[in-house]
Amino acid sequence: MAVRVRMAPSPTGLLHIGNVRTALFNWLYARHEGGEFRLRIENTDTSREVAEAVDQIQESLRWLGLDWDGPHTFQLDRMDDCRRVADELLAAGRAYEDEGAIRFRMPNEGSTGWDDVVRGRVEIPNETIEDLVLVRSDGRPTYNFASPLEDVWDGITHVIRGEDHISNTPKQINIIEAVGAEIPVYAHVPNVSGADGKKLSKRHGAVTVDEFRKDGYLPEALMNFLALLGWAPDGETTIMRQEELIERFTLGRVSPSPAQFDYQKLDWMNGVYLRELPPDEFAHRLVIWLGENGYDWDAELVTRAAPLVQEKIARLAEFPGFAGFFFGEVEPDPVDLEGGGPMLESAHTAVASVEPFDASSIEWVLRQTADGLGLKPRQAFQPVRVAVTGSKVSPGLFESIELLGREETLTRLQAAASVAAG
RNA sequence: GCCCCCAUCGACUAGCGGUCCAGGUCGCGGCCCUUUCAAGGCCGUAGCACGGGUUCGAAUCCCGUUGGGGGCACCA
């Protein structure tokens, strides 16, 4: 039978990275097996907020590259079918009415178990499972009733979800057995927590896909990182692109123990992906990111500045801090200019006449200048760097000057020289 | 309280009875390179939670303890 899995988010707010990780495992499994990955919205109403959340969920999935098969479905559309099944269960004596609600009779003896693909055999004593409410007194089916039914109706073969659903599983298995359908294969993947072992939340850092996007992470890096949270192909390989992940992913190698989200490692990995991008592609991503985040900087200039920072940043969001001096005024801290007066003045003279105006000529002439003043390169170039870029940390100085242009460089050098002179 | 899950360096993990005085990656420390910051190169740091078994032999299997986590709704 062809594999069919699903992601079933409830449309409340933005897509949480933990849910994305679970979705990723579903998606990787489906693609690896040549099966289908479905998207099912577990909504209980049809408000405007729901519609917006659905849009955001889809946008986030698309950004990450997780495509789903067929149209997405809504749980709400199946409420009548759920109620019909509840009535049948009632008629068959498998359920009973209780204060206007309909409850399912769970077995009281023995146990309900399943062979979990990531945990092995799990067995829950039936006496600890209470009679599940199928339909509320207001007529709405409950999650633990609707969800397994939908899995049956959708032909879901493998239910891959977070471990917080382990305790729901025996309830759902009993429901599915009661309607005489086949029990899907279950795989409960470990949770993702913050550095303190607690549920990953805002105070740990970014948690929604939108936030990671805004922070300047690449979707391919995020996917690679997420895949490695609870899964590893061999313990050696860490950088894997989409095709390789699909090719190597198996549920059997998903670890049963929870993982902590390590933002430092994500940053490192994102840097790896950033550096490996062809320069024009890197520039392209920057232009898009800047546009999405309210910078109306000239795309041509961004493209020319991009190569100067590609090796230096780990996230696209670091670009403005690193290369902002190309796009606007600069205000050097006088403290960083102290004692740099002579070098700044000499540099001004040198830059004014250097020909051709390119990085290597500028470097040569500035080194000559430093030499003439008896200064070591690092002492000589620091005030120049601060004058030109406004910071002690910047892209390569000579390339930066070349791109900035002679006129603007001279202006900044002169301004800094007068500050340094006091 | 009850039920369930989990347990290898600070983190992510490899390891599925001998090839492990435990390997890779991030982080961290040092050195090199160097116009700053990065990147890169080299070296290093650090771990099988504890106690019992089983076995010729255990990080690997079993039991217990401890410690984490999840769940016990007419939420999803």
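By convention in this document, chain letters (A, B, ...) are assigned in the order of the sequence lines, proteins followed by strands, and residues within each chain are numbered from 1.
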Can you tell me the Watson-Crick or wobble partner of rC72(B), both distances under 3.5 angstrom? rG1(B)

Any side-chain donor near an acceptor of the partner, D154(A) and T73(A), under 3.5 Å: no

Can you tell me, in whole Å, how much space there is between the C1' of rC61(B) and that of rG23(B)? 23 Å

Of V118(A) and Q260(A), the one whose closest RNA chain B nucleotide lies more 5': V118(A)

Compare the minimum distances between each of rC28(B), rA76(B), rC12(B) and the side chain of Q264(A), then state the nucleotide with the smallest one. rC28(B)

Given D164(A) and K199(A), is the salt bridge (Lys or Arg N to Asp or Glu O under 4.0 Å) satisfied, shown in steps? CA-CA 11 Å; D164(A) 46 319; K199(A) 186 172 155 55; over 6 Å; no

Toward the 5' end of RNA chain B, by each residue's nearest nucleotide, P141(A) or N191(A): N191(A)

Rounded C1' spacing from rA46(B) to rC28(B) in Å: 10 Å

Contact class for L228(A) vs. all strands (heavy atom < 4.0 Å): base, sugar-phosphate, or nothing? sugar-phosphate

Considering only the C1' atoms, how many Å lie between rA49(B) and rU34(B), rounded to the nearest integer? 45 Å

Which part of the nucleic acid does S147(A) contact within heavy-atom distance under 4.0 Å: base, sugar-phosphate only, or nothing? nothing

May I ask you to say what F398(A) touches in the nucleic acid, namely base, sugar-phosphate or nothing, with a heavy-atom cut-off under 4.0 Å? base

Given rC26(B), rC3(B), rA7(B), which nucleotide is nearest the side-chain atoms of S257(A)? rA7(B)

Does a nitrogen or oxygen in the side chain of R140(A) sit under 4.0 Å from OP1 or OP2 of rC74(B)? no

Distance test, side-chain N/O of R253(A) to OP1/OP2 of rG15(B), below 4.0 Å: yes

Considering every strand and a 4.0 Å limit on heavy-atom distances, what is the contact class for E311(A): base, sugar-phosphate, or nothing? base

Choose from rU35(B), rA14(B), rC28(B) the nucleotide whose nearest atom is closest to any side-chain atom of E363(A). rU35(B)

Nearest to the side chain of P258(A), which nucleotide is it out of rC5(B), rC74(B), rC6(B)? rC6(B)

Can you find a donor-acceptor pair, distance only, under 3.5 Å between S167(A) side chain and rC72(B) base? no

What do the steps show when you test S391(A) against T389(A) for side-chain hydrogen bond (donor to acceptor under 3.5 Å, both in side chains), and what is the final call? CA-CA 5 Å; S391(A) 168; T389(A) 72; 5.0 Å; no

Please find out if less than 6.0 Å separates the ring center of F249(A) from that of F25(A). yes

Could you tell me whether F398(A) and F381(A) have their ring centroids closer than 6.0 angstrom? yes

Suppose we call a contact any N or O donor and acceptor under 3.5 Å apart; does that hold for the side chain of K265(A) and the base of rU25(B)? yes

Can you figure out which of rC12(B), rA76(B), rC26(B) approaches the side chain of L229(A) most closely? rC12(B)

Work out how far the P atom of rG64(B) is from that of rC3(B), and round it to whole angstrom. 13 Å

Quickly work out the D164(A) CG to rG70(B) P distance and round it to whole Å. 9 Å

Between atom CG of N191(A) and atom CD of E163(A), what is the distance when rounded to the nearest 0.5 Å? 4.0 Å

What does A259(A) touch in the nucleic acid at a heavy-atom separation under 4.0 angstrom: a base, only the sugar-phosphate, or nothing? sugar-phosphate

Within the 4.0 Å heavy-atom criterion, would you say P125(A) contacts the bases, only the backbone, or no part of the nucleic acid? sugar-phosphate

Select base, sugar-phosphate, or nothing to describe what E130(A) touches, counting heavy atoms under 4.0 Å on all strands. sugar-phosphate

As a test of reading the structure: which of rC5(B), rC6(B), rC74(B) is closest to the side chain of V122(A), going by heavy atoms? rC5(B)

What is the nucleic acid contact for R385(A), judged by heavy atoms within less than 4.0 Å: base, sugar-phosphate only, or nothing? base

When the C1' atoms of rU66(B) and rG52(B) are considered, how many whole Å apart are they? 14 Å

I want to verify a distance call: between rU35(B), rU13(B), rC4(B), whose nearest atom is closest to the F381(A) side chain? rU35(B)

Winner on side-chain proximity to T128(A), out of rC74(B), rC3(B), rA7(B), is rC3(B)

Nearest to the T238(A) side chain among rC74(B), rU35(B), rU25(B), which nucleotide is it? rU25(B)

Is there a donor-acceptor contact under 3.5 Å linking the side chains of Y143(A) and N168(A)? no

Would you say rU36(B) has OP1 or OP2 under 4.0 Å from some side-chain N or O of R378(A)? yes

Sugar-phosphate, base or nothing in reach of D98(A), heavy atoms under 4.0 Å: base

How far does the P atom of rC50(B) sit from the matching atom of rC31(B), given to the nearest Å? 35 Å

Geometric class of the Y263(A)/F261(A) ring pair [parallel <30°, tilted 30-60°, perpendicular >60°]: tilted

Closest nucleotide among rU36(B), rG40(B), rC26(B) to the R275(A) side chain: rG40(B)

If rA38(B) has a Watson-Crick or G-U wobble mate with both distances under 3.5 Å, name it; if not, just say none. none

Under 4.0 Å between any heavy atoms, over every strand shown, what does G396(A) touch: base, sugar-phosphate, or nothing? Just pick one. base

Under 4.0 Å: is that the gap between some side-chain N or O of K198(A) and OP1 or OP2 of rG69(B)? yes

